[in-house]
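Below is one structure, written out as structure tokens; comments come after it.
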Amino acid sequence: MIYYSIPYSVEKNMADYYNKFMEALPSDDDYACFVDGDTIFTTSHYGHTIDEVTKEYPEIGCFTCYTNRVYNKTQVVDGIDYDSNDVIYHRKIGQMLQTVFGSTCVDITVPRMDREKPMYLSGCLILIKKSLWRKINGFKNLNAMLGVDNELHKDIISANEKIYLMKGVYIYHWYRWPDIRNVSHLL
């Protein structure tokens, strides 16, 4: 079963929220799908595609998807209009990706490098299996809103597990537009 959540923490402690949600999942075979509050799924059948992914890749415990704006360029669709906030434009991209790729995934465990700095998972969408969450001893509590996704990526690598990108799932991400450097609301 997949349980969906839009996480938010008034205390600004995302790991605590994630961990409490994961604890509540009934089975180690269940998944939590965390999506940021500033995202929109761009297809009507995203849930079916995500369900197919978990069935086709049962050995993988963590997934993410394509988007339009995040630091990790591996998760950004090639050739995307980074400045576009036109939801119709993004829905067309989502439909195309779902049609072309369906439940196809690609391994993104090894972080891509950006000027000597690794680009770890950007958590605008994290789909994680409870058994993997247990194996890595939960989300690392940073008492913060930022960085939990990056630490998750590192912990998954340390556990010799993998992270896959769902090529047929695309979310539009507002991502602090127009000033992506402004994180004052997250601190």
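Since the model is a prediction, treat every value here as computed from it, not as a measurement.
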Open item on the list: Using modelled atom types and a 3.5 Å cut-off, is there a donor and acceptor pairing between side-chain atoms of Asp149 and backbone atoms of Gly123?
Closed with: yes
Task: Distance in Å, Ser122 OG paired with Asp36 CG, rounded so as to fall on 0.5 Å steps - done: 9.5 Å
Task: Inter-residue atom distance Ile93.CD1 - Gln98.CD, 0.5 Å rounding - done: 14.0 Å
Open item on the list: Show the nearest heavy-atom pair for residues Gly168 and Phe101, with the distance to one decimal.
Closed with: N-CB, 3.8 Å
TODO: Kindly indicate, with the supporting measurements, whether the criterion side chain to side chain contact (heavy atoms under 4.5 Å, CB included) is fulfilled by Ile40 and Tyr170.
DONE: CA-CA 9 Å; Ile40 301 170; Tyr170 173 75; over 6 Å; no
TODO: Without swapping roles, check the side chain of Lys130 against the backbone of Leu25 for a donor-acceptor pair under 3.5 Å.
DONE: yes
Task: Chi angles and distances behind the side chain to side chain contact (heavy atoms under 4.5 Å, CB included) call for Ile126, Cys33 - done: CA-CA 6 Å; Ile126 299 170; Cys33 185; over 6 Å; no
TODO: Quick one: pull up OG in Ser158 and NZ in Lys135 and give me the separation to the nearest 0.5 Å.
DONE: 11.0 Å
Open item on the list: Using the rule given for salt bridge (charged side-chain N to carboxylate O under 4.0 Å, His left out), can you reason through Lys154 versus Glu151, listing the C-alpha separation, both sets of side-chain angles and the distance that settles it, and then say yes or no?
Closed with: CA-CA 5 Å; Lys154 294 172 190 175; Glu151 292 303 315; 3.2 Å; yes
Open item on the list: Distance check, rounded to the nearest 0.5 Å: Thr74 atom OG1 versus Asp107 atom CG?
Closed with: 11.0 Å
Open item on the list: Can you list everything that forms a side-chain contact (heavy atoms from CB on, under 4.5 Å) with Ser27? Sequence neighbours excluded, please.
Closed with: Asp29, Asp30
Task: Flag, side chain of Lys167 to backbone of Gly102, donor-acceptor distance under 3.5 Å - done: no
Task: Hydrophobic cluster membership, Ile80 vs Ile88, 4.5 Å side-chain cutoff - done: no
Open item on the list: If we count only N and O atoms by modelled type, under 3.5 Å, do the side chains of Ser84 and Asp86 hold a donor and an acceptor together?
Closed with: no
Open item on the list: Could you measure the distance from the CG atom of Asp16 to the CD atom of Glu11? Nearest 0.5 Å is fine.
Closed with: 7.5 Å
Open item on the list: Show the nearest heavy-atom pair for residues Tyr89 and Gly79, with the distance to one decimal.
Closed with: OH-O, 4.4 Å
Task: From CA spacing to verdict: ring-ring contact (aromatic ring centres under 6.0 Å, His included), Phe34, Tyr18 - done: CA-CA 8 Å; Phe34 298 110; Tyr18 290 147; 4.5 Å; yes
- [ ] Compare every heavy atom of Ala159 with every heavy atom of Ile136, then report the nearest pair and how far apart it is.
- [x] CG2-CB, 3.9 Å
Task: Mutual orientation of the aromatic rings belonging to Trp174 and Tyr172 [parallel < 30°, tilted 30-60°, perpendicular > 60°] - done: perpendicular
Task: Results of side-chain contact (heavy atoms from CB on, under 4.5 Å) for Glu52 - residues two or more places apart only - done: Glu56, Ser103
Open item on the list: Test of understanding: clusters of I, L, V, M, F, W, Y form through side-chain heavy atoms closer than 4.5 Å, transitively. Do Leu165 and Leu97 belong to the same one?
Closed with: yes
Task: Flag for Asn141-Asn13: side-chain donor and acceptor within less than 3.5 Å - done: yes
Open item on the list: According to a hydrophobic-cluster definition based on side-chain heavy atoms being under 4.5 Å apart (Ile, Leu, Val, Met, Phe, Trp, Tyr only), do Met14 and Tyr120 belong together?
Closed with: no
Open item on the list: For a 4.5 angstrom cut-off between non-hydrogen side-chain atoms, does Pro111 reach Lys117?
Closed with: no
Task: Closest non-hydrogen atom pair, Leu152 against Cys62 - done: CD2-SG, 4.3 Å
Open item on the list: One thing to verify: whether Lys73 and Asp114 come together as a salt bridge, which I'm taking to mean a side-chain N less than 4.0 angstrom from a carboxylate O.
Closed with: no
Open item on the list: Could you measure the distance from the CD atom of Glu161 to the OG1 atom of Thr109? Nearest 0.5 Å is fine.
Closed with: 9.0 Å
- [ ] Look only at the side chain of Asn150 and the backbone of Leu121, and say whether a donor-acceptor pair between them is shorter than 3.5 Å.
- [x] yes
Open item on the list: Are Lys162 and Ile156 packed together at the side-chain level, in the sense that at least one heavy-atom pair is separated by less than 4.5 angstrom?
Closed with: no
Open item on the list: Using a 3.5 Å distance criterion without hydrogens, assess whether the side chain of His173 forms a donor-acceptor pair with backbone atoms of Val70.
Closed with: no
TODO: Report yes or no: do Gln75 and Thr64 form a side-chain donor-acceptor pair below 3.5 Å?
DONE: yes
- [ ] Could you identify which residues cluster with Ile50, counting Ile, Leu, Val, Met, Phe, Trp and Tyr as linked when any side-chain heavy atoms lie under 4.5 Å apart, either directly or through a chain of such contacts?
- [x] Ile2, Tyr4, Ile6, Tyr31, Val35, Phe41, Tyr46, Val53, Tyr57, Ile60, Phe63, Leu125, Leu127, Tyr164, Met166, Val169, Ile171
Task: Asn19 versus Trp133, side-chain donor and acceptor atoms under 3.5 Å - done: yes
Open item on the list: Applying a strict under-4.5 Å side-chain criterion to I, L, V, M, F, W and Y, I'd like to know whether Ile157 and Met113 cluster together.
Closed with: no
Task: Pair Met22-Ile128, side chain to side chain contact (heavy atoms under 4.5 Å, CB included): steps then yes or no - done: CA-CA 9 Å; Met22 294 302 296; Ile128 186 167; 3.9 Å; yes
Task: Met119 backbone acceptor or donor facing Asn72 side chain under 3.5 Å - done: yes
